[in-house]
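In what follows, every heavy atom counts, from backbone to side chain, and hydrogens, waters and symmetry copies are set aside. One-based numbering along the sequence shown.
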Amino acid sequence: MILPLASGTIPPLAPGDRPVNWAVTGRFGGVSSGPFAELNLAEHVGDDPASVRANRDRIHEFVGTREVAFVRAVHGADVAWVESAHLIPESDVLMTDSEDLAIVALGADCALVGIAGPGVVAVVHCGWRGLVAGVIPAAIAAVRARTGGPITAILGPGICVSCFPVGPECAAAVGAVCGAAVPDPSHVDLRAGVTDLLLRGGVEVHDHWLCTYESPLLFSHRRDNPTGRHGLLLWRGSARMDL
């Protein structure tokens, strides 16, 4: 099983707190075939449902939590508080304080972000529409509303600026809310935009960016359509020595 593509542990952020484990999956190590090969984790892209279930079971086995909850992204800024993997609402942010639940953001060009504060974790799916909607500030505000103390973010894979040409209307909409994300009128820089908004929110950022379009290890909607979705995982608890 080729899992994960990248991983690590965020040390406890307050006395008595637990460490937070994070991992990024690639496209290999699963059972899906064709354009979804191999480790597609998304149910909505046209892959065989049995293959998606098998792939998600591998994630469940890897993290070792009681349950795993997956983001159902809609390119908005809603934050969903979850305590189990059942009846997950459509939302681009999942947040929990449970040590029995891993949460996963899915993407195939959009930026994936994991956020940890004392006693709470959140995962975020953010494309250019999410930048415009304000999903990063919304996620930070939701974490701060639940906890005090320092906040740390893991910035996972996404499409790089050179591979993300856009029209002028898109660039203008993004630039109106985050100038750092628009280096010129024909490109959006998700990495710079998400990083800028996290730093402005007082969040420490650990950058593990890898361009989805350029890397054959990741799914990319712009490069291959249809295609699958990889994930960024966060879960609280004891540090995993096998990460």
Side-chain angles (χ1 to χ4, degrees), residues 1-13 17-32 37-42 52 54-71 85 93-126 139 143 150-160 190-191 194-195 198 203-212 214-220 228-243:
M1 183 166 60
I2 308 174
L3 254 177
L5 185 62
S7 63
T9 300
I10 301 170
L13 295 169
D17 196 16
R18 304 296 295 269
V20 173
N21 300 303
W22 66 270
V24 174
T25 66
R27 67 177 301 162
F28 298 110
V31 302
S32 294
E38 300 170 6
L39 192 61
N40 167 50
L41 300 176
V52 178
N55 290 338
R56 289 187 171 194
D57 285 346
R58 295 193 177 193
I59 299 299
H60 193 181
E61 178 184 359
F62 170 72
V63 299
T65 55
R66 177 173 51 84
E67 294 181 291
V68 182
F70 295 83
V71 164
V93 184
L94 294 184
M95 185 167 64
T96 189
D97 63 358
S98 174
E99 294 184 11
D100 292 323
L101 181 68
I103 50 177
V104 186
L106 303 177
D109 284 331
C110 292
L112 303 181
V113 185
I115 301 176
V120 66
V121 293
V123 290
V124 186
H125 164 272
C126 180
V143 171
I151 298 178
T152 294
I154 302 296
L155 180 56
I159 194 167
C160 76
L190 284 179
R191 181 183 194 175
V194 171
T195 300
L198 288 168
V203 178
E204 180 181 8
V205 180
H206 298 269
D207 190 334
H208 297 273
W209 191 272
L210 186 65
C211 177
T212 50
E214 294 176 344
S215 175
L217 301 175
L218 294 161
F219 294 105
S220 171
R229 301 292 187 269
H230 45 260
L232 185 147
L233 298 55
L234 242 59
W235 67 106
R236 299 180 63 234
S238 300
R240 288 181 57 111
M241 301 307 295
D242 56 338
L243 283 176

For D207, give me all partners under salt bridge (charged side-chain N to carboxylate O under 4.0 Å, His left out), at least two apart in sequence or on another chain.
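If we apply the salt bridge (charged side-chain N to carboxylate O under 4.0 Å, His left out) test to D207, skipping adjacent residues, the hits are R191.
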
Among residues at least two apart in sequence or on other chains, which ones pass side chain to side chain contact (heavy atoms under 4.5 Å, CB included) with P11?
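Listed in chain order: nothing, the list is empty.
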
Using side chain to side chain contact (heavy atoms under 4.5 Å, CB included) as the criterion, list what pairs up with A69, not counting sequence neighbours.
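Once residues adjacent in sequence are excluded, the partners of A69 under the side chain to side chain contact (heavy atoms under 4.5 Å, CB included) criterion are A85, I88, L94, L101, I103.
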
Does M95 form a side-chain contact (heavy atoms from CB on, under 4.5 Å) with V143? I'd like the steps, not just the answer.
CA-CA 8 Å; M95 185 167 64; V143 171; 3.7 Å; yes

I'd like a table of donor-acceptor pairs (distance under 3.5 Å, sequence neighbours excluded) in which one partner is a side-chain atom from residues 114-125, with atom names and distances.
| unit_1 | atom_1 | unit_2 | atom_2 | d |
| --- | --- | --- | --- | --- |
| H125 | ND1 | D92 | OD2 | 2.7 |

With sequence neighbours left out, write down each residue that passes side-chain hydrogen bond (donor to acceptor under 3.5 Å, both in side chains) with [X], or none if nothing qualifies.
| X | answer |
| --- | --- |
| N55 | S32 |
| T212 | D109 |
| E214 | none |
| T96 | none |

Can you tell me how far [atom2] of [Y] sits from [atom1] of [X], rounded to the nearest 0.5 angstrom?
| X | Y | atom1 | atom2 | answer |
| --- | --- | --- | --- | --- |
| I154 | W209 | CD1 | CH2 | 14.0 Å |
| L210 | L155 | CG | CG | 11.0 Å |
| L112 | L234 | CG | CG | 11.5 Å |
| L217 | H230 | CG | NE2 | 11.0 Å |
| R58 | T25 | CZ | OG1 | 12.5 Å |
| F219 | R229 | CZ | CZ | 9.0 Å |

Intermediate values then yes/no, side-chain contact (heavy atoms from CB on, under 4.5 Å), L41 and V52
CA-CA 6 Å; L41 300 176; V52 178; 5.8 Å; no

Does some side-chain heavy atom of V71 sit less than 4.5 Å from a side-chain heavy atom of V104?
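A side-chain contact is absent here, since even the closest heavy-atom pair is not under 4.5 Å.
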
For a side-chain contact (heavy atoms from CB on, under 4.5 Å) check, start with the C-alpha distance between F70 and L106, then their side-chain angles and the critical distance, and finish with the verdict.
CA-CA 7 Å; F70 295 83; L106 303 177; 4.0 Å; yes

Ring centroids only, cut at 6.0 angstrom: are H208 and W22 within range, meaning strictly under it?
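Under 6.0 Å, so yes.
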
Least distance between heavy atoms, [X] atom then [Y] atom:
| X | Y | value |
| --- | --- | --- |
| G237 | P19 | O-CG, 2.8 Å |
| L39 | G30 | CD1-CA, 3.6 Å |
| A111 | V194 | CB-CG2, 4.1 Å |
| C211 | C160 | SG-N, 3.4 Å |

Identify the residue among D17, N21, D97, D100 that makes a side chain to side chain donor-acceptor pair (under 3.5 Å) with R236.
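Exactly one option meets the side chain to side chain donor-acceptor pair (under 3.5 Å) with R236, and it is D17.
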
Pairing of E99 and R18 as salt bridge, 4.0 angstrom limit
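Between R18 and E99 there is a salt bridge, with a charged N closer than 4.0 Å to a carboxylate O.
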
Under a 3.5 Å distance rule, please check whether E38 uses its side chain to pair with a backbone N or O of R27 as donor and acceptor.
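Here the side-chain-to-backbone pair does not exist.
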
Assess the residue pair V203 and T152 against the criterion (side-chain contact (heavy atoms from CB on, under 4.5 Å)); give the C-alpha distance rounded to whole Å, side-chain angles, the decisive distance to 0.1 Å, and a yes or no.
CA-CA 6 Å; V203 178; T152 294; 5.6 Å; no

